[in-house]
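Just so you know, ligand 1 is whichever comes first in the structure, and atom 1 is the first atom listed for that ligand.
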Amino acid sequence: MPEPVLATSGMNAFYDDFQALFSISVAVAPGEVVAMIGANGAGKSTFLKSVAGVIPTAPESVRFNGQPIGALSADQVLRHGIALVPEGRRLFPSLSVEENLVIGAQLGRTGRWSLDAIYALFPVLAERRRQASTSLSGGQQQMCAIGRALMSNPDFILFDEISLGLAPVVIKDIYAALPAIVAGGQGAIIVEQDTSRALSVADRVVCLQEGRVSLQGVPDELDRAAITAAYFGT
Ligand SMILES: Nc1ncnc2c1ncn2[C@@H]1O[C@H](COP(=O)(O)OP(=O)(O)O)[C@@H](O)[C@H]1O
Ligand SMILES: [Mg+2]
């Protein structure tokens with residue numbers, strides 16, 4: 001692999017005394033889309049939160065463009081160019097669509113993403129720009145959450161449960177937007193509960209099981225039985 005953009009090495013994560021991740025080593029090459037799969041509770045969100053600085057981890061256990069970022073706060077990680085689209089959208093309910101998007105810009109950097117660029121990517125958000133974010137459908141909220149992350153002009157983007165609970169037609173729209181989102185960036189990690197979809201969009205797949213990497217590989221080279229075993233531990 002060429003020099004990775006993002007690499008975790010031996011990353012552990014804890015909630016008080018409970019250890020949720022055990023020595024996770026995952027590397028993302030420039031431009032790669034890595035899909036992370038695994039059962040509920042496997043540690044996928046914890047992994048993304050640890051990379052994003054939401055949960056502290058050892059300084060050297062996450063490197064981004066060669067720099068150790070494991071000890072940085074979420075705001076600092078965002079300013080380094082890594083944005084998280086959290087599970088459950090987490091929009092500000094009292095704010096409009098546009099206000100939610102503008103907040104993303106305030107925390108981040110300048111770059112190619114602007115309100116106009118987000119509205120071109122997801123035209124439905126332009127139509128609803130003045131509406132409260134709570135009035136949006138689940139799919140529109142996900143688009144707004146993605147837009148908010150993009151407004152920080154990240155080089156690298158983390159999506160937690162990108163399609164969970166969304167209507168098939170919306171999932172199609174979001175995945176159709178993915179190449180434009182990733183192009184021009186350095187890479188992405190997508191947590192996706194639909195394994196088939198994960199295999200079809202990703203350059204590489206990582207499966208977690210009970211806080212450990214149980215399988216990683218290129219989709220074409222992984223067989224279904226191995227994935228099932230890595231996923232369920234059967
Ligand atoms: N805030 C928390 N406090 C304590 N334990 C947590 C917390 N969040 C997650 N966990 C535990 O950490 C493990 C991994 O959870 P999580 O990363 O959310 O898994 P996934 O995203 O794969 O469903 C689970 O055992 C879960 O119960
Ligand atoms: Mg999760």
Please name the residue in the list Val213, Val26, Val28 that meets the side chain to side chain contact (heavy atoms under 4.5 Å, CB included) test with Thr8. Val26
Asp203: salt bridge (charged side-chain N to carboxylate O under 4.0 Å, His left out) partners, not counting sequence neighbours: none
Calculate, to the nearest 0.5 Å, the distance between atoms CD1 and CG belonging to Ile146 and Leu101 respectively. 11.5 Å
For ligand 1, what are the residues with a heavy-atom contact below 4.0 Å? Tyr15, Phe18, Ala20, Ala39, Asn40, Gly41, Ala42, Gly43, Lys44, Ser45, Thr46
Going by atom types alone, do Ser163 and Glu192 pair a side-chain donor with an acceptor below 3.5 Å? yes
Write out all pairs satisfying salt bridge (charged side-chain N to carboxylate O under 4.0 Å, His left out) with one or both partners inside residues 10-32, taking only residues at least two apart or from two chains. Glu32-Arg204
Checking Asp155 now: which residues fulfil salt bridge (charged side-chain N to carboxylate O under 4.0 Å, His left out) with it, not counting sequence neighbours? Arg109
Taking 2.8 Å as the cut-off, does Asn40 contribute an N, O or S atom near the Mg ion (ligand 2), distance below it? no
How long is the span from the CD1 atom in Ile171 to the CZ atom in Arg197, to the nearest 0.5 Å? 5.0 Å
At the Mg ion (ligand 2), what's the angle from Ser45 OG to Glu87 OE1, rounded to 10 degrees? 80°
